[in-house]
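Residues: numbered from 1 along the sequence shown.
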Amino acid sequence: MEHNTGHPASRVLAAARNDLALLKEQGESSSLTHWKVFCSVVNLFNKHLCPHDFVKTLYLAWIVTYEKYEQNLRALSAIRLFLVSDALECLARQGVRVLGPWKVAVKAVIGFLRYCESNILMKGGFFHSESVKLWVLDVFCDANLCPDINIRLDMLLIIHVWRCGCNYGVIRGVDVGERIAAGLVQLYEYMNVTHHFIPEDSKFDLCRPSFRVLYSLNKTGHLTETFKKATQQIESLSVGPEARFVARMVELVSGGLVMTMERFQSKTLNAENTMQMFEMALVQLVELVFSIYNVETFCYRGLSKVACVAYIQVAKANFELLPALSSPEFAFRCDFLRKTFDRISEVLFKSPKSKTLAQLLMADHKEELVKITGGDFIPQDLAQSSQVAKDCPERFLDGLTQTPMESPVLLRRSQVTVDETTLVYLLLQKAPQCPFTRTPLHYGSFCRIPKLHQEIHAWRTTGRLNVDHQEPSSSAGH
């Protein structure tokens with residue numbers, strides 16, 4: 001787009017640059033003030049701006065204030081937030097589609113947020129109108145309005161300050177929390193540990209906003225429908241975006257915890273950020289997985305494997321990372337984290353709702369868990385039940401994990417039988433494939449085996465085998 005120097009906005013910007021030069025030259029003796037120049041520039045956001053003038057307005061207003069407050073970081077952060085609010089109002093009023101030159105403009109706004117002082121931003125240091133919220137939600141959720149995935153994810157920097165308590169509210173008939181949840185389900189596969197679940201020392205990153213939004217959605221019940229759909233998909237062996245989203249969020253949180261431990265041990269992440277990450281990850285996993293409300297969902301096949309891995313990572317952090325962080329400065333916080341881990345373990349090992357999950361943990365991770373924790377808190381009955389594989393008939397063993405099956409499924413192409421837990425875990429991956437033939441896994445490439453399921457059930461309940469063994473049926477067993 002060719003820039004028109006005769007446009008009123010261009011004349012105001014040119015005058016502001018001249019005034020700024022005069023302020024530098026004359027210092028305090030000038031009749032002008034930084035505030036007057038700042039206001040003359042910011043008022044341009046009330047006009048209809050082209051992308052070029054929008055960016056120049058944003059940066060010139062910033063230069064004016066930086067000249068005045070460069071030694072006061074809190075003041076600079078507050079001014080950045082003021083500028084962002086006005087800039088977002090301008091974008092929303094014009095109904096900007098984030099295409100072409102407007103991508104640069106929106107990235108500039110996001111850039112201002114990234115270098116705000118985190119304490120000011122996390123406390124919700126600026127107000128957004130309903131129009132701004134609806135525009136941001138549209139950008140976050142609508143690929144036609146904003147095809148750039150990174151910009152859509154960056155909207156979390158804005159979204160995370162909206163909650164009042166934990167509630168997002170309703171705007172013009174739109175349930176804000178519902179829209180945010182829908183957007184996350186669309187975008188989950190583009191989120192990764194490094195950019196969205198690891199804090200950076202130098203700037204305000206997406207780690208804290210991602211955690212905060214996820215926590216708020218779960219607390220307000222806006223993920224309830226997503227969890228319900230995930231459960232239905234797993235029961236029908238027809239895994240969809242909701243099931244993959246639930247699994248991916250837990251993997252990202254626990255993966256972020258692992259990478260945080262590694263970065264702290266290599267001294268590339270400071271103690272404060274490490275402690276914050278551990279706090280956020282543990283609270284998030286409590287709410288997502290190990291609360292009495294959600295733990296039943298993670299007892300379902302496939303998701304249970306994801307939850308077990310998450311518990312192992314939390315146990316490692318509790319027994320290996322916390323001692324390294326122990327100091328008078330962190331004493332209270334370390335005590336809170338230990339008690340939270342104890343609460344998770346109590347839900348996992350003592351709640352009837354999580355019995356299936358606890359049994360899988362013992363079957364797949366007993367040695368590792370005992371090595372990490374010493375095994376003192378593992379109930380004796382679970383420790384003994386994990387030995388069942390030793391007496392299991394070979395045809396009742398999962399062809400991949402070599403653990404006893406409960407609900408056998410035949411992989412048609414390879415003719416190998418695996419448990420539904422293993423199958424669902426494979427289906428939850430981004431590009432599911434058979435581990436034996438490397439061919440794609442999809443609905444119709446596997447089937448349940450009702451007869452074998454009955455034999456396994458009889459063996460588990462009576463300890464006796466059915467001698468009339470029947471080969472698996474090739475018909476779909478839904």
Side-chain angles (χ1 to χ4, degrees), residues 215 218 227 230-231 234 246-247 249-251 253-255 257-258 261 278-323 334-392 398 401-407 419-422 424-425 428 457 460-461:
Y215 177 83
N218 197 50
F227 272 72
T231 300
I234 289 171
V246 171
M249 289 302 102
V250 177
E251 289 172 344
V253 174
S254 58
L257 187 53
V258 172
M261 292 173 62
F278 192 7
E279 290 169 335
M280 289 188 294
L282 200 57
V283 170
Q284 196 74 266
L285 288 172
V286 167
E287 293 299 326
L288 274 177
V289 183
F290 299 108
S291 70
I292 58 173
Y293 307 105
N294 290 344
V295 72
E296 281 185 284
T297 300
F298 285 90
C299 287
Y300 276 90
R301 306 171 183 94
L303 285 178
S304 54
K305 283 184 175 287
V306 175
C308 286
V309 171
Y311 180 79
I312 290 295
Q313 303 307 341
V314 171
K316 280 184 180 179
N318 186 72
F319 285 90
E320 297 175 11
L321 181 61
L322 275 188
C334 285
D335 185 56
F336 164 77
L337 291 171
R338 289 189 186 95
K339 288 179 179 177
T340 304
F341 176 74
D342 290 343
R343 185 155 55 93
I344 289 175
S345 299
E346 187 172 351
V347 170
L348 179 60
F349 291 115
K350 295 183 179 180
S351 171
K353 293 182 177 181
S354 58
K355 184 178 179 181
T356 304
L357 185 57
Q359 288 173 339
L360 182 65
L361 181 67
M362 288 295 96
D364 289 358
H365 301 281
K366 182 185 175 184
E367 290 184 10
E368 187 177 10
L369 190 59
V370 170
K371 182 180 178 181
I372 295 169
T373 67
D376 295 336
F377 62 90
I378 300 174
Q380 190 64 28
D381 60 329
L382 282 173
Q384 291 173 348
S385 67
S386 65
Q387 303 299 321
V388 70
K390 291 184 178 179
D391 305 318
C392 181
D398 184 302
T401 65
Q402 291 301 300
T403 55
M405 296 184 289
E406 287 191 13
S407 301
D419 190 64
E420 281 190 17
T421 299
T422 300
V424 172
Y425 187 72
L428 287 170
H457 178 71
R460 283 182 173 274
T461 54

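- Of the residues Thr356, Leu369, Val309, the one that meets the side chain to side chain contact (heavy atoms under 4.5 Å, CB included) test with Leu361 is Leu369.
- To the nearest 0.5 Å, the span separating CG on Leu282 from CD on Gln313 amounts to 13.0 Å.
- When all heavy atoms of Leu285 and Val250 are compared, the pair lying nearest together is CD2-CG1, 4.0 Å.
- A donor-acceptor pair under 3.5 Å links the side-chain atoms of Ser254 to the main chain of Glu251, judged by distance alone.
- For Asp364, the salt bridge (charged side-chain N to carboxylate O under 4.0 Å, His left out) test picks out Lys305, with sequence neighbours left out.
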Leu303 and Thr297: side chain to side chain contact (heavy atoms under 4.5 Å, CB included), yes or no, with the steps? CA-CA 8 Å; Leu303 285 178; Thr297 300; 4.0 Å; yes
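- Here Ser354 contributes atom OG and Ile344 contributes atom CD1; the two are 11.5 Å apart, rounded to the nearest 0.5 Å.
- With sequence neighbours excluded, the residues that form a side chain to side chain donor-acceptor pair (under 3.5 Å) with Thr401 are Thr403.
- In this structure Glu279 satisfies the salt bridge (charged side-chain N to carboxylate O under 4.0 Å, His left out) test together with Arg333, sequence neighbours excluded.
- Considering NZ of Lys316 and CE of Met261, their distance stands at 7.0 Å, rounded to 0.5 Å.
- Note on ring orientation: taking the six-membered ring where Trp is involved, the planes of Tyr311 and Phe341 are parallel (angle under 30°, cut-offs 30° and 60°).
- The distance from atom CZ of Phe278 to atom OG1 of Thr340, rounded to the nearest 0.5 Å, is 8.5 Å.
- In terms of heavy atoms, Asp398 sits closest to Asp419 at OD2-N, 2.9 Å.
- A pairwise comparison of heavy atoms in Cys299 and Lys353 identifies SG-O, 3.1 Å as the closest pair.
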Audit row: Lys371, Phe319, side chain to side chain contact (heavy atoms under 4.5 Å, CB included) steps and yes/no: CA-CA 11 Å; Lys371 182 180 178 181; Phe319 285 90; over 6 Å; no
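- Put simply, the side chain of Phe349 reaches to within 4.5 Å of the side chain of Met362, judged on heavy atoms.
- Residue Ile234 forms a side chain to side chain contact (heavy atoms under 4.5 Å, CB included) with just one option from Thr421, Val246, Val424, and that option is Val424.
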Could you walk me through whether Gln284 and Met249 satisfy the side chain to side chain contact (heavy atoms under 4.5 Å, CB included) test, starting with their C-alpha distance in whole Å, then the side-chain angles of each, then the deciding distance to 0.1 Å, before giving a yes or no? CA-CA 10 Å; Gln284 196 74 266; Met249 289 302 102; over 6 Å; no
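- When all heavy atoms of Leu357 and Phe298 are compared, the closest pair comes out as CD1-O, 3.7 Å.
- When the side-chain contact (heavy atoms from CB on, under 4.5 Å) test is applied to Arg338, the partners found at least two apart in sequence or on another chain are Asn318, Leu322, Ser326, Cys334.
- Among residues two or more places apart in sequence or in another chain, the salt bridge (charged side-chain N to carboxylate O under 4.0 Å, His left out) test is passed with Asp342 by none.
- Take Glu296 and apply the salt bridge (charged side-chain N to carboxylate O under 4.0 Å, His left out) test, not counting sequence neighbours, and it matches no residue.
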